[in-house]
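Step one of this worksheet: look at the structure below.
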Amino acid sequence: EYYGICEFIPDFDPLEFDNDTEISEVVCVEVKDFSFVPEGMITKTVKKAKYVKFTHTGRIERLKQTYDYIYGTWFPKSNYQIMNSDDFEKYDERFLGIDNEESQIDIYVPIKD
């Protein structure tokens, strides 16, 4: 398993995201502690929170469509509010490559209690 942590950017509107948008994403693996961190790598702790989980299925080039649905359709119709914190993607054995139509990625978005 590995993760892509999308770092929170204040005043960022996810619906305005396009190919020119600059974001900060940390690609990582989970570890038990930070006692050994190889040179050139950093540590990042995901904030404990309540998350809603979505699953993207298909090619990675269509991932933006899933995010557009999450932020543009699902959240406005839900009773949930997004928490100002990092969201993240989880890649496990269901991720079969960027061009595979059967690939799956879980997306976790933090919400306010």
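- Considering V26, D87, I5 in turn, I5 is the only one that fulfils the side chain to side chain contact (heavy atoms under 4.5 Å, CB included) rule with V46.
- If you chain together hydrophobic residues whose side chains sit under 4.5 Å apart, F8 and M83 never meet in one group.
- Looking at heavy atoms from C-beta onward, D86 lies in side-chain contact with K44 at the 4.5 angstrom threshold.
- Side-chain contact check for L63 versus E89: some heavy-atom pair is nearer than 4.5 Å.
- The aromatic rings of F75 and Y71 lie parallel to each other, their planes meeting at an angle below 30°, with 60° marking the opposite boundary.
- Residue E101 places its CD atom among more than 12 non-hydrogen atoms of other residues, nucleotides or ligands, all under 6.0 Å distant.
- Within the model, atoms CZ of F34 and CE of M41 stand 13.0 Å from one another, a figure rounded to the nearest 0.5 Å.
- Taking the six-membered ring where the residue is Trp, Y108 and F88 present parallel rings, their angle staying beneath 30° rather than reaching 60°.
- Residues T57 and Q104 have side chains that bring a donor and an acceptor to within less than 3.5 angstrom of each other.
- In this structure, the separation between CD1 on I111 and OG on S78 is 8.0 Å, given to the nearest 0.5 Å.
- Annotation for Q81: atom CD does not count as buried by contact number, only 12 or fewer foreign heavy atoms lying within 6.0 Å.
- Placement of W74 and I107 within a single hydrophobic cluster is found when ILVMFWY residues are connected by side-chain heavy-atom separations under 4.5 Å, directly or transitively.
- Residues R62 and H56 are in side-chain contact: their nearest non-hydrogen atoms beyond the backbone lie under 4.5 Å apart.
- V27 and Y67 fall into different hydrophobic clusters, defined by Ile, Leu, Val, Met, Phe, Trp and Tyr side-chain heavy atoms under 4.5 Å apart, directly or through other members.
- Y3 and E25 share no donor-acceptor pair across their side chains, judged by distance under 3.5 Å alone.
- There is no path of hydrophobic side-chain contacts, each under 4.5 Å, that joins Y69 to Y51.
- Taking NZ of K48 as the reference point, atom OG of S85 lies at 13.5 Å (rounded to 0.5 Å).
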Verdict with reasoning, T55 to I105, per side chain to side chain contact (heavy atoms under 4.5 Å, CB included): CA-CA 6 Å; T55 301; I105 302 165; over 6 Å; no
Taking it one step at a time, do R94 and D106 satisfy side chain to side chain contact (heavy atoms under 4.5 Å, CB included)? CA-CA 10 Å; R94 296 169 302 134; D106 291 331; 2.5 Å; yes
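- No continuous path of hydrophobic side-chain contacts links L96 to Y2 [ILVMFWY only; heavy atoms under 4.5 Å].
- In this structure, Y80 and I82 have side chains that are not in contact, with every pair of non-hydrogen atoms separated by 4.5 Å or more.
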